[in-house]
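We count ligands from 1, going down the list as the structure has it; atoms in each ligand are counted the same way.
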Amino acid sequence: MDYTDTLREIASHVQPYIGSGEVASYIPPLAKIDPRQFGMALYTLDEGLFVIGDAYKRFSIQSISKVFAFAMAFNLLGDDIWSRLDREPSGTPFNSLVQLEVEYGKPRNPFINAGALVVADILVSHFAQPSLAVLQYLRRLVADDSVDIDLELAKAEQHLAHRNIAMAHFMKSFGNLQNGVDEVVDAYCNQCAIALSCAEVVMAGAFLANSGTCPIRSTVVTSRRQTRRINALMATCGTYDAAGDVAYRVGLPAKSGVGGGILAVVPGKATACVWAPGLDESGNSLVGTMALERLTEITGWSIF
Ligand code: GLN
């Protein structure tokens, strides 16, 4: 099967909408990105890589990094991780603080900012250089040492990370942060500022489609059991308060980032990544979600 035509059809379907949505203006370097860009990559376990548009252009993966950081922390702590995090959809924006007070500083899930900060804290406790650990993890998965952190972007975010800092302090007051707030927020901003292309994201996430084994290097990244659970979390929590709508329209485990990228997993079959910087009101790529919706319409790959 050759998916070149599938990608072409998706690209022509979304063409009239390219440039729609708002770029993430609260992180200054992201505010400058031209929204009229679109790239998509598909990696199937049987047929390999297919690409279209700006699929080789690196972008800021932002919250897509939450999947990889969580996989690392889940490997380290196993099910003990659930003493510090919940696994329910939040139904609130990714950077919301409202649930934290009534839920005693325990974030709803690892894929909203509060949860990702707890994950970053776990990594800070385990690694001397936590940002480097996430970077190396991704470099191994992508098999490319040129993958890097956009340090300028990370710094710009850190300077304006008032909400993330507030959340971290708040969780610390409940005893759910073991390290210093600055150190944790710093690690978190660095992991968000890793730049990858769509073609690299589908490679990095391929283990999620392959029961935890990286199909390129044949190494076990997460156990079969953990992989199923990461996919379940992506399906229920990966696109924040739009997770229900994304399940309805796309029907795949997915993780978005405010850089405009979305990673989607077709368990047992493939990974897809779309990048289009304009976001909808939930902070998910507007055109990216449309493209994924078209993908599952054409292929019938929805898990539902
Ligand atoms: N670094 C961003 C933040 O903390 C990530 C948010 C996102 O991609 N949804 O706000």
inquiry  = Among all protein heavy atoms in this structure, tell me which lies nearest to atom 10 (O) of ligand 1, with the distance rounded to 0.1 Å.
reply    = Tyr26 OH, 2.5 Å

query = With backbone taken as N, CA, C and O and side chain as the heavy atoms from C-beta onward, which portion of Val258 lies under 4.0 Å from ligand 1: side chain, backbone, both, or neither?
reply = both

remark   = among protein heavy atoms, the one nearest atom 4 (O) of ligand 1 is Tyr188 OH, 2.7 Å

ask   = Can Ser211 and Thr227 be said to form a side chain to side chain donor-acceptor pair (under 3.5 Å), step by step?
value = CA-CA 6 Å; Ser211 304; Thr227 312; over 6 Å; no

remark   = For Gly257, the ligand 1 atoms with a heavy-atom partner under 4.0 Å come out as 8 (O)

ask   = If you look only at pairs with a residue in residues 116-172, which of them pass as a ring-ring contact (aromatic ring centres under 6.0 Å, His included), with sequence neighbours excluded?
value = Phe170-Phe174

ask   = What protein heavy atom sits nearest atom 9 (N) of ligand 1, and how far off is it?
value = Tyr240 OH, 2.8 Å

task = State yes or no: do Trp301 and Leu45 share one hydrophobic cluster built from I, L, V, M, F, W and Y residues joined by side-chain heavy-atom distances below 4.5 Å, directly or via other members?
result = no

task = Check whether any N or O atom of Ser256, backbone or side chain, sits under 3.5 Å from an N or O atom of ligand 1, and answer yes or no.
result = no

Ligand 1 atoms in contact with Phe94 (distance to a heavy atom under 4.0 Å) = 6 (C), 9 (N), 10 (O)

request  = Give the residue and atom name of whichever protein heavy atom lies nearest to atom 6 (C) of ligand 1, and the separation in Å to one decimal.
outcome  = Ser63 OG, 3.1 Å

query = Can Asn95 be said to touch ligand 1, with heavy atoms closer than 4.0 Å?
reply = no

ask   = If we only count N/O pairs under 3.5 Å, is Gln62 in contact with ligand 1?
value = yes

query = Are Met203 and Leu208 connected in a single hydrophobic cluster, I mean Ile/Leu/Val/Met/Phe/Trp/Tyr linked by side-chain heavy atoms less than 4.5 Å apart?
reply = no

key: ligand 1 versus Glu157: contacting region, heavy-atom distance under 4.0 Å   = side chain

request  = Mark up the atoms of ligand 1 that fall under 4.0 Å of a heavy atom belonging to Cys192, in ascending order.
outcome  = 1 (N)

task = Check side chain to side chain donor-acceptor pair (under 3.5 Å) between Arg108 and all other residues, then give those that pass, not counting sequence neighbours.
result = Glu103

query = Take atom CD in Gln129; do more than 12 heavy atoms of anything else shown fall under 6.0 Å from it?
reply = no

query = If Ile, Leu, Val, Met, Phe, Trp and Tyr residues are connected whenever their side-chain heavy atoms lie under 4.5 Å apart, and connections chain through other members, are Leu85 and Leu123 in the same group?
reply = yes

request  = Compare all side-chain heavy atoms of Glu293 with those of Glu297 and state whether any distance is below 4.5 angstrom.
outcome  = yes

